[in-house]
Amino acid sequence: MHQPIQLKDLSFYFSEKTCFKNFSITIPSASRIAIIGRNGSGKSSLLNILRGKREPSSGKVLIPSGLSIGYIEQTIEEYNYLSGGQRLNKRLSEAL
């Protein structure tokens, strides 16, 4: 059985702003999830914490060994010779 991703009492503060506080969730293997929120609510920060690119202010992130997380930046500036849709498709292919 595959292990889930676990976030335990995760908090993230940015300057003087609280993006999220004491957030806990277990994401079962093979789940599809959506991260929804207002601009500046911490969606990208949460993804960066999951990817190991940013440290949470507090709490734990437990990611099973061997798990690979693909990510596509919000702004795709590479491949200027391609259309926006073609650039997205290329980056999706690379992430997968």
Side-chain angles (χ1 to χ4, degrees):
M1 178 183 277
H2 299 287
Q3 296 294 315
I5 295 173
Q6 295 181 15
L7 307 179
K8 295 183 177 184
D9 298 321
L10 205 64
S11 297
F12 184 71
Y13 308 102
F14 193 62
S15 298
E16 295 182 14
K17 181 180 180 179
T18 300
C19 290
F20 43 88
K21 185 177 179 181
N22 297 328
F23 175 63
S24 296
I25 189 170
T26 297
I27 305 169
S29 177
S31 292
R32 295 180 183 179
I33 64 168
I35 300 173
I36 301 168
R38 293 181 179 178
N39 288 345
S41 63
K43 300 179 300 289
S44 294
S45 295
L46 177 60
L47 289 171
N48 284 323
I49 290 169
L50 285 170
R51 296 172 51 221
K53 301 290 183 184
R54 183 172 287 236
E55 291 292 321
S57 300
S58 64
K60 292 184 180 183
V61 177
L62 303 171
I63 297 184
S65 62
L67 180 73
S68 176
I69 296 177
Y71 181 78
I72 299 172
E73 297 289 337
Q74 292 179 14
T75 305
I76 304 170
E77 296 179 4
E78 297 178 63
Y79 314 114
N80 291 328
Y81 57 92
L82 300 174
S83 72
Q86 290 171 324
R87 282 184 274 183
L88 177 61
N89 283 338
K90 182 146 182 76
R91 295 298 302 269
L92 278 171
S93 296
E94 291 170 353
L96 295 173

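Computed from a predicted model, the values in this text were never measured in an experiment.
- Between the CD1 atom in I25 and the NZ atom in K8 there is a gap of 13.5 Å [rounded to 0.5 Å].
- Cluster membership check: L88 does not share its hydrophobic cluster with L82, using side-chain heavy-atom separations under 4.5 Å among Ile, Leu, Val, Met, Phe, Trp and Tyr.
- One finds the CG atom of L92 at 6.5 Å from the CG atom of L96 (value rounded to the nearest 0.5 Å).
- R91 and E78 are joined by a salt bridge, as a carboxylate oxygen and a charged side-chain nitrogen come within less than 4.0 angstrom of each other.
- For the atom pair S11 OG and F23 CZ, the distance stands at 11.0 Å (nearest 0.5 Å).
- Of all heavy-atom pairs spanning G40 and C19, the tightest one is O-SG, 4.2 Å.
- Annotation for P56 and I49: closest pair CA-CD1, 3.9 Å, computed over non-hydrogen atoms.
- Contact annotation: the side chain of I69 never approaches that of L47 to less than 4.5 Å [non-hydrogen atoms, C-beta and beyond].
- The nearest pair of heavy atoms linking R87 to N80 is NH1-OD1, 3.9 Å.
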Under the side chain to side chain contact (heavy atoms under 4.5 Å, CB included) criterion, do R54 and F12 qualify, and how do the steps go?
CA-CA 10 Å; R54 183 172 287 236; F12 184 71; 3.1 Å; yes
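- Within a 6.0 Å radius of CD in E94, more than 12 heavy atoms belonging to other residues, nucleotides or ligands are found.
- No donor-acceptor pair under 3.5 Å is formed between the side chain of S29 and the backbone N or O of Q3.
- Both L10 and L67 are part of a single hydrophobic cluster, where members link through side-chain heavy atoms under 4.5 Å apart.
- Summarising the geometry, atom OH belonging to Y81 is positioned 9.0 Å from atom CD belonging to Q86; distances are rounded to the nearest 0.5 Å.
- Residue L7 holds its CG atom at 12.5 Å from CG of N22, rounded to the nearest 0.5 Å.
- Pairs passing the side chain to side chain donor-acceptor pair (under 3.5 Å) check and including a residue from residues 40-52, sequence neighbours excluded, read S44-Q74, N48-R51.
- Tracing side-chain contacts under 4.5 Å through hydrophobic residues (I, L, V, M, F, W, Y), one reaches I63 starting from Y71; they form part of the same cluster.
- In this structure, OG on S57 lies 11.0 Å from NZ on K21, to the nearest 0.5 angstrom.
- Two residues are said to be in side-chain contact when any heavy atoms from C-beta on lie closer than 4.5 Å; S24 and D9 meet this criterion.
- Among T26, I33, L62, L50, the one residue that satisfies the side-chain contact (heavy atoms from CB on, under 4.5 Å) test with I5 is L50.
- Open room surrounds CZ on F14; 12 or fewer heavy atoms of other groups in view lie less than 6.0 Å from it.
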